[in-house]
Amino acid sequence: MSLESKISFVLLPLLLPACRFFSLPEPEQPGTEQQEVFPDTPEKVLENVEKALDTYYNSLTYSAALSYDFVFYPDDALPYPSNQPWDKETEGDIVSRLLLNLDFGTSRPSEVSFSILNRITYPDSAVLLVGYSMSFVFRNIGGKEAEGRAEMHMRRRPDGRWVITKWYDMKDSTFTWGETKLLFK
């Protein structure tokens with residue numbers, strides 16, 4: 001046996017443990033919690049909207065809760081042109097800008113909650129009167145509180161997914177969701 005073979009024979013067992021440093025790391029397991037639950041009920045649509053604004057800050061999840069022909073109707077008492085309705089594309093743009101402007105330096109940049117006050121449900125449509133409370137902290141604007149009621153019209157699509165078709169925002173006495181979104185229109 002040559003000297004080189006003897007050295008290789010002695011060094012090889014010592015070098016094998018070092019090979020693990022050159023291997024690819026194990027991929028992380030995907031999170032068990034999903035950003036969206038399948039909205040097979042109107043309540044799950046509200047849950048998805050709440051999570052999109054409050055937990056995941058995801059405008060795509062928010063937008064998935066809206067029908068292709070969605071229309072948002074701000075409170076009628078707002079001055080013209082602020083009281084004019086807008087479509088899904090505009091809604092998506094506004095909510096994207098709103099979420100991008102949240103102050104993530106705070107421990108909780110948003111808190112959103114919905115409560116169903118009244119509902120009329122049919123096999124493939126529903127009208128819900130919903131109370132909402134929303135609190136946002138924005139980078140350049142600071143904190144904004146929004147409370148009000150919304151009349152939400154929903155329909156069930158052929159795939160079983162419920163979506164919001166119309167959102168009528170109603171002002172009680174404070175800043176509304178519609179007024180909050182107008183800051184980013």
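Remember, predicted model here, so these are calculated numbers, not experimental data.
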Salt bridge (charged side-chain N to carboxylate O under 4.0 Å, His left out) pairs, two or more places apart, involving residues 56-84:
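Pairs touching residues 56-84 that pass the test: Asp69-Arg155.
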I need the full list of salt bridge (charged side-chain N to carboxylate O under 4.0 Å, His left out) pairs touching residues 161-185, with sequence neighbours left out, sorted by first then second residue.
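Listed by first then second residue: Glu36-Arg161, Glu91-Lys181, Arg149-Asp172, Lys171-Glu179.
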Once side-chain contact (heavy atoms from CB on, under 4.5 Å) is applied, do any residues pair with [X], and if so which ones, sequence neighbours excluded?
X      : value
Glu47  : Val37, Lys44, Lys51
Ser133 : Ser113, Glu147
Ser135 : Glu111, Glu145
Thr106 : Asp103, Pro109, Val137

Under 4.5 Å side-chain linkage, directly or through intermediates, the cluster mates of Val163
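Answer for Val163: none, a lone residue.
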May I ask you to list the residues sharing a hydrophobic cluster with Tyr168, side-chain cutoff 4.5 Å, ordered by chain and number?
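In the cluster with Tyr168 are Val71, Tyr73.
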Can you list the residues that meet the side chain to side chain donor-acceptor pair (under 3.5 Å) rule with [X], with sequence neighbours excluded?
X      : answer
Ser82  : none
Ser59  : Ser96
Asn101 : Arg139
Glu89  : none

What do you reckon, are the aromatic ring centroids of Phe136 and Phe175 less than 6.0 Å apart?
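Centroid distance Phe136-Phe175: not below 6.0 Å, so no.
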Shortest non-hydrogen contact between Ile94 and Phe184, atoms and distance
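Smallest interatomic distance, heavy atoms only, reads O-CB, 3.9 Å.
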